[in-house]
Amino acid sequence: MIFRRLRLRVLLLLALFGAVSAGVGFFLGIAAAKGAQKKKDDPAVWRQAALRRLEGLRPDEAQKPRLEARVDQAVKDLADLRVEGIRRVWEVVDGAVHDIEAELTPEQREAFEKMKPRPPKEAR
């Protein structure tokens, strides 16, 4: 009888430990994914990745500055395209929000104000 209770307690504690570990792992995974996504959105990381890939070609000293200049220009162009794309997307979203607001009653507008999407800093 005592062994059964002890065994039950051990199993419950192990199950609790497993559940807590899974929960902590889940939230740490979310935080790590957000950090990785922030790095992917950084143009400086794009530049470093492109230059690392070009190092595999073993460029000589005369080629390195020209390659770096071209990579810098490409990264700048890509960053500009990204910002412009985000702005254009939010122009469409803002137009839709404006049209939806025109159809709502005052009570609905109040509720919609709380739920309507907010643009990221790139779109402002």
Side-chain angles (χ1 to χ4, degrees):
M1 188 85 161
I2 293 174
F3 291 118
R4 286 185 184 177
R5 286 186 183 168
L6 182 62
R7 188 179 305 163
L8 180 63
R9 285 184 185 168
V10 168
L11 289 174
L12 288 175
L13 285 174
L14 285 173
L16 179 65
F17 178 71
V20 168
S21 297
V24 169
F26 175 77
F27 289 110
L28 287 176
I30 288 174
K34 284 182 181 180
Q37 186 61 42
K38 281 185 181 180
K39 282 186 177 180
K40 287 181 182 180
D41 291 343
D42 184 11
V45 173
W46 303 347
R47 181 183 185 279
Q48 291 172 354
L51 291 176
R52 264 195 311 263
R53 294 288 299 243
L54 289 175
E55 282 298 318
L57 299 174
R58 297 186 190 110
D60 60 26
E61 293 304 316
Q63 290 175 316
K64 280 185 181 182
R66 292 192 307 260
L67 293 176
E68 285 182 19
R70 183 61 185 115
V71 166
D72 289 342
Q73 183 60 43
V75 167
K76 181 187 176 304
D77 292 345
L78 287 171
D80 292 344
L81 280 172
R82 180 179 176 274
V83 169
E84 180 61 28
I86 290 171
R87 283 191 186 133
R88 289 179 64 191
V89 165
W90 278 96
E91 286 173 6
V92 171
V93 171
D94 286 341
V97 166
H98 180 71
D99 293 344
I100 290 170
E101 282 178 332
E103 297 292 325
L104 300 177
T105 65
E107 298 84 25
Q108 290 172 327
R109 279 192 195 120
E110 189 176 307
F112 186 64
E113 187 64 34
K114 294 176 185 174
M115 71 171 67
K116 75 179 178 182
R118 307 282 185 238
K121 64 182 178 184
E122 292 94 347
R124 295 180 194 150

- Item | Set of residues satisfying salt bridge (Lys or Arg N to Asp or Glu O under 4.0 Å) with respect to Glu61, sequence neighbours excluded |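 So Glu61 forms a salt bridge (Lys or Arg N to Asp or Glu O under 4.0 Å) with Lys64.
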
- Residues which pass salt bridge (Lys or Arg N to Asp or Glu O under 4.0 Å) with Asp42, listed by chain and number, not counting sequence neighbours: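 If we apply the salt bridge (Lys or Arg N to Asp or Glu O under 4.0 Å) test to Asp42, skipping adjacent residues, there are no hits.
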
- Crowding at CZ, Arg70 (>12 non-hydrogen neighbours, <6.0 Å):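 No, the 6.0 Å shell around CZ holds no more than 12 heavy atoms from other groups.
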
- Query: Is Arg9 atom CZ crowded by more than 12 heavy atoms from other residues, nucleotides or ligands, each under 6.0 Å away?
  - Reply: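 Atom CZ in Arg9 is not packed in, count stays at 12 or less.
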
Cluster question for you: counting only ILVMFWY and a side-chain heavy-atom cut-off of under 4.5 Å, with indirect links fine, are [X] and [Y] together?
X     : Y      : answer
Val24 : Leu16  : yes
Val20 : Leu28  : yes
Val92 : Met115 : no

- Query: Rounded to the nearest 0.5 Å, how far does CG of Leu57 lie from CG of Leu67?
  - Reply: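 One finds 8.0 Å between CG of Leu67 and CG of Leu57.
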
- Task: State the CD1-CG distance between Ile86 and Asp41, to the nearest 0.5 angstrom.
- Result: 7.5 Å

Ignoring hydrogens, what is the shortest heavy-atom contact between [X] and [Y]? Give both atom names and the distance.
X      : Y      : answer
Pro59  : Leu54  : CD-O, 3.5 Å
Asp60  : Gln63  : OD1-N, 2.8 Å
Arg118 : Glu113 : NH2-O, 2.9 Å

Side chains of [X] and [Y]: does their closest heavy-atom pair fall under 4.5 Å?
X     : Y      : result
Trp46 : Val71  : no
Val45 : Lys40  : no
Val97 : Pro117 : yes

- Would you check, one step at a time, whether the test side-chain contact (heavy atoms from CB on, under 4.5 Å) holds for Arg82 with Leu78? CA-CA 6 Å; Arg82 180 179 176 274; Leu78 287 171; over 6 Å; no

- Task: Check for a donor-acceptor pair, side chain of Gln108 on one end and backbone N or O of Thr105 on the other, with a separation under 3.5 Å.
- Result: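 Pair found, side chain donor or acceptor close to backbone of Thr105.
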
- Item | Qualifying salt bridge (Lys or Arg N to Asp or Glu O under 4.0 Å) pairs, either residue in residues 83-106, two or more places apart | Glu101-Lys116

